[in-house]
K.L.:
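Can you read through this structure? Questions will come right after.
Owing to the predicted nature of the structure, the values given are computational and were not obtained by experimental measurement.
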Amino acid sequence: QVQLVESGGGLVQAGGSLRLSCAASGRLFSSHVMGWFRQAPGKAREFVSAIRWGSGRTYYLDSVKGRFTISRDQAKNTLYLQMENLKPEDAALYSCARASSYDTSPTAYYIWGPGTQVTVSS
């Protein structure tokens with residue numbers, strides 16, 4: 001059973017950058033899709049970005065395009081999310097998750113990490 005553990009969250013000023021990591025124990029297959037989601041207090045979990053583990057094709061929420069970059073290191077079984085020009089509205093608990101196919105709905109993802117908190121001060 002694959003387990004996911006996120007790291008890299010923290011407090012950053014608006015305009016700053018953070019790099020999140022998601023380490024996966026167990027094998028990830030080329031057919032898998034890895035995604036990043038975020039959830040702010042009182043709000044629904046929101047799709048941020050996803051990547052096809054095999055091909056590397058990427059997908060983004062419109063509001064993060066040009067600011068966030070998802071990537072993966074297949075040898076290290078690690079997923080990344082580089083976040084630039086962070087805004088206060090980006091503050092949330094960020095979680096990585098695995099799915100069998102690409103989807104923006106969190107219900108399609110069946111393995112989740114506990115999350116890492118991102119706080120953005122204005």
Side-chain angles (χ1 to χ4, degrees):
Q1 179 76 358
V2 172
Q3 292 185 323
L4 306 175
V5 179
E6 303 90 341
S7 62
L11 171 64
V12 63
Q13 287 188 328
S17 303
L18 282 174
R19 187 195 197 202
L20 306 184
S21 298
C22 169
S25 65
R27 186 176 174 184
L28 293 173
F29 295 94
S30 59
S31 60
H32 288 143
V33 172
M34 296 296 295
W36 285 101
F37 288 80
R38 65 188 181 188
Q39 188 168 22
K43 295 188 177 181
R45 183 173 275 169
E46 177 182 48
F47 169 82
V48 175
S49 184
I51 187 168
R52 294 186 183 272
W53 197 253
S55 68
R57 182 176 179 180
T58 59
Y59 307 86
Y60 295 96
L61 176 69
D62 282 347
S63 63
V64 308
K65 284 181 181 177
R67 299 190 297 122
F68 290 11
T69 303
I70 191 171
S71 63
R72 88 276 194 237
D73 185 326
Q74 292 174 304
K76 293 182 178 180
N77 250 17
T78 302
L79 175 73
Y80 302 100
L81 185 68
Q82 179 69 41
M83 305 187 294
E84 306 284 349
N85 190 21
L86 282 160
K87 304 176 181 181
E89 53 263 40
D90 294 319
L93 181 70
Y94 282 71
S95 300
C96 62
R98 191 186 84 178
S100 297
S101 59
Y102 169 64
D103 203 306
T104 59
S105 170
T107 60
Y109 294 74
Y110 49 89
I111 296 178
W112 291 82
T116 185
Q117 185 67 42
V118 172
T119 304
V120 184
S121 63
S122 57

K.L.:
Please list, one pair per line, the donor and acceptor atoms closer than 3.5 Å that link side chains of residues 4-20 to other protein atoms, with sequence neighbours excluded.
P.N.:
| residue | atom | partner | partner atom | Å |
| --- | --- | --- | --- | --- |
| E6 | OE1 | G115 | N | 2.8 |
| E6 | OE2 | C96 | N | 2.8 |
| E6 | OE2 | G115 | N | 3.3 |
| S17 | OG | E84 | OE1 | 2.4 |

K.L.:
Counting only pairs under 3.5 Å, give me each side-chain donor-acceptor contact of residues 30-40, with atom names and distances, residues two or more places apart or in other chains.
P.N.:
| residue | atom | partner | partner atom | Å |
| --- | --- | --- | --- | --- |
| H32 | ND1 | F29 | N | 2.9 |
| W36 | NE1 | Y80 | O | 3.3 |
| R38 | NE | E46 | OE1 | 2.8 |
| R38 | NH1 | D90 | OD1 | 2.9 |
| R38 | NH1 | Y94 | OH | 3.0 |
| R38 | NH2 | E46 | OE1 | 3.3 |
| Q39 | NE2 | K43 | O | 3.1 |

K.L.:
How far does OG1 of T69 sit from CZ of R67, to the nearest 0.5 angstrom?
P.N.:
11.0 Å

K.L.:
Rounded to the nearest 0.5 Å, what's the gap from OG on S21 to CG on L79? Could you check?
P.N.:
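One gets 8.5 Å once the value is rounded to the nearest 0.5 Å.
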
K.L.:
Might you work through the side-chain contact (heavy atoms from CB on, under 4.5 Å) test for Y60 and T58, ending with a clear yes or no?
P.N.:
CA-CA 7 Å; Y60 295 96; T58 59; 3.6 Å; yes

K.L.:
Around atom CD of Q3, are there more than 12 heavy atoms of other residues, nucleotides or ligands at under 6.0 Å?
P.N.:
no

K.L.:
Taking all atoms of both residues into account, what is the closest heavy-atom pair of L28 and V2, and its distance?
P.N.:
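For L28 versus V2, the nearest heavy atoms are CD2-CG1, 4.3 Å.
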
K.L.:
Can you list the residues that meet the salt bridge (charged side-chain N to carboxylate O under 4.0 Å, His left out) rule with K76, with sequence neighbours excluded?
P.N.:
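K76 satisfies salt bridge (charged side-chain N to carboxylate O under 4.0 Å, His left out) with no residue once adjacent residues are dropped.
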
K.L.:
Go through the steps for R72 and N77 under the test side-chain contact (heavy atoms from CB on, under 4.5 Å), then give the verdict.
P.N.:
CA-CA 7 Å; R72 88 276 194 237; N77 250 17; over 6 Å; no

K.L.:
For T78 and W53, which heavy atoms make the closest approach, and how far apart are they?
P.N.:
O-CH2, 3.7 Å

K.L.:
With S105, which residues qualify under side chain to side chain donor-acceptor pair (under 3.5 Å), at least two apart?
P.N.:
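T107.
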
K.L.:
How would you list all residue pairs meeting disulfide (SG to SG under 2.5 Å) that involve residues 28-82, not counting sequence neighbours?
P.N.:
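Output for this query is empty, none listed.
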
K.L.:
Can you name the ring-ring contact (aromatic ring centres under 6.0 Å, His included) partners of Y59, sequence neighbours left out?
P.N.:
Y102

K.L.:
What pair of heavy atoms forms the shortest contact from R45 to P106, and how long is it?
P.N.:
CD-CB, 3.9 Å

K.L.:
Just verifying a value: how many Å separate F68 CZ and S63 OG, rounded to the nearest 0.5 Å?
P.N.:
7.5 Å

K.L.:
Please tell me whether L93 and W112 are part of a single hydrophobic cluster in this structure, the criterion being side-chain heavy atoms less than 4.5 Å apart.
P.N.:
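Shared cluster, no.
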
K.L.:
To the nearest 0.5 Å, what is the distance between OG on S122 and CG on L86?
P.N.:
13.0 Å

K.L.:
For the CE atom of M83 and the CD1 atom of I70, what is their distance to the nearest 0.5 Å?
P.N.:
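Spacing of CE (M83) from CD1 (I70) equals 11.5 Å.
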
